[in-house]
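Here is how names work: the chains are called A, B, and so on, in the same order as the sequence lines, proteins then strands, and each is numbered from 1.
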Amino acid sequence: MPELPEVETVRRGLAPALEGARIARVQARRPDLRFPLTEGFGQRLTGATVEKLERRAKYLLARLSTGETLVMHLGMTGRFQVDVDGAVDVPGGFAEPTSHDDKHAHVVFDTEAGARITFFDARRFGYMAVLPTAELDEHAWFKGLGPEPLGPDFDAAHLARAFAGKTQNVKATLLDQRIVAGLGNIYVVEALHRAGISPRRPAGKISRPRLQALVEAIRQVLQEAIAAGGSTISDYAGTDGALGYFQHDFRAYDREGEPCLKPGCGGTIRRIVQAGRSTFYCPVCQR
DNA sequence: CCCACGACCTGTGGGC
DNA sequence: TGCCCACAGGTCGTGG
């Protein structure tokens, strides 16, 4: 799944086809994704112009001329394909879906300019809704979200406040979108490795200088991943060359049994399970 | 309130 | 080859 860098990459890939475009036709090929689609989903979108395509946490936000916003979340396996005049592009570094994916082509948008944007999602953990723009901030999906990790409100002081008194391990705590918005399993694992902090350490027991190092590690890994077009975990046949390539830069994630890459460390990456998710870390240099 | 855990849904890869 | 289990980039609801 797409975490912040993948969603941002998808946003950049979709923006040329969507921003300024008028939606001519919408096909909802089933009534629900993870949740039921908004009442009148296609009708509310048809004829609307997408003024801007933005991202908040892992959500894509298409700001519409109608005063509403199309909210899209990719879940674990959601991906978009853009077809323009017969040419296929798959923004976000996901490979072109093969024909048997057609049964997972759940929503299709056609623009007046002739672009077709198709949303595929095998596991259907993704979701979409059309919501009044003025009420977005109060909606349950956005109300409690923490700051953007690449924005001005995310710093060591914020983490110190958010972590204060927490006995939960820092790995699970960083996955909580109310603390900081947009991190997922991969980038939490990578950031903790870079910061030299054990994923098992209680969040409330991290010194201020190390929180500062954590903030910098999070920013750094996200920026590098965005520059690389995100990470592509699974391989699909028929790639179009647009795959993200940050997965080649993982230092801990999915490296169980391999040597720690921190110079002079000499440790071996371990895998443990925390909050039901795999954590990878080096017991030698992460304390 | 905090936290752990199962549920949601489908596909894939490894081991036997 | 086939079968079964574990696991997958996320989030939500329940229950202690």
- Nucleotide by nucleotide, 5' to 3', does protein get under 4.0 Å of the base (B), only the sugar-phosphate (S), or neither (-) in nucleotides 4-10 of chain B, counting heavy atoms? S---BBB
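Screening A:Arg194, A:Glu216, A:Arg251 for a side chain to side chain contact (heavy atoms under 4.5 Å, CB included) with A:Val221, the sole residue that qualifies is A:Arg194.
Here the P atom of nucleotide C:dA8 and the CZ atom of A:Arg79 are 18 Å apart, to the nearest Å. If you take CG of A:Leu174 and P of C:dT11, they are 14 Å apart, rounded to a whole angstrom. A:Leu33 has its CG atom 14 Å from the C1' atom of C:dG10, to the nearest Å. Note: CZ (A:Phe142) to C1' (C:dT11) measures 13 Å, nearest angstrom. The CE-C1' distance, from A:Met72 to C:dT11, rounds to 18 Å in whole Å. The CH2 atom of A:Trp141 sits 17 Å away from the P atom of C:dG10 (whole-angstrom rounding). Rounded to whole angstrom, the span from the CG atom of A:Asp254 across to the P atom of C:dA6 amounts to 18 Å. Rounding to whole angstrom units, CZ of residue A:Arg277 and P of B:dC3 are separated by 17 Å.
A salt bridge links A:Asp110 with A:Arg25; the closest basic N to acidic carboxylate O contact falls under 4.0 Å. Using a 4.0 Å cut-off between charged nitrogen and carboxylate oxygen, A:Glu54 and A:Arg63 count as a salt-bridge pair. Electrostatic pairing of A:Asp121 and A:Arg123 does not count as a salt bridge here, judged by no charged N lying under 4.0 Å from a carboxylate O.
Between A:Arg271 and C:dC7 there is a side-chain polar atom (N or O) within less than 4.0 angstrom of OP1 or OP2. The side chain of A:Ser278 contributes an N or O atom lying less than 4.0 Å from OP1 or OP2 of C:dA8.
Using a 4.0 Å heavy-atom criterion, one finds that A:Arg178 contacts no nucleic acid atom at all.
Between B:dC9 and C:dT14, the distance separating the two P atoms is 15 Å to the nearest Å. Atom name C1', nucleotides C:dA6 and B:dG6: the rounded distance is 16 Å, in whole Å.
For the residue pair A:Tyr187 / A:Ser231, a side-chain donor-acceptor distance below 3.5 Å is found, with atom types taken as modelled. Donor-acceptor pairing under 3.5 Å is lacking for the side chains of A:Lys166 and A:Thr173. Side-chain contact annotation: A:Arg200 with A:Tyr281, donor-acceptor N/O pair under 3.5 Å present. Checking A:Gln274 against A:Thr279 by side-chain atom types alone, a donor-acceptor pair falls below 3.5 Å.
Each side chain to side chain donor-acceptor pair (under 3.5 Å) pair with one or both residues in residues 36-48 of chain A, not counting sequence neighbours, appears once here: A:Arg44-A:Glu68.
Comparing atom distances between the A:Lys166 side chain and each of C:dG10, C:dT11, B:dC3 picks out B:dC3 as nearest. Closest to the A:His73 side chain, of the nucleotides C:dG10, B:dC2, C:dA8, is C:dG10.
Aromatic ring pairs are classed by plane angle as parallel below 30°, tilted from 30° to 60° and perpendicular above 60°; the pair A:Phe119 and A:Phe80 is tilted.
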- Item | Strand DNA chain C in bracket notation, Watson-Crick/G-U under 3.5 Å with | for pairs to another chain | .|||||||.|||||||
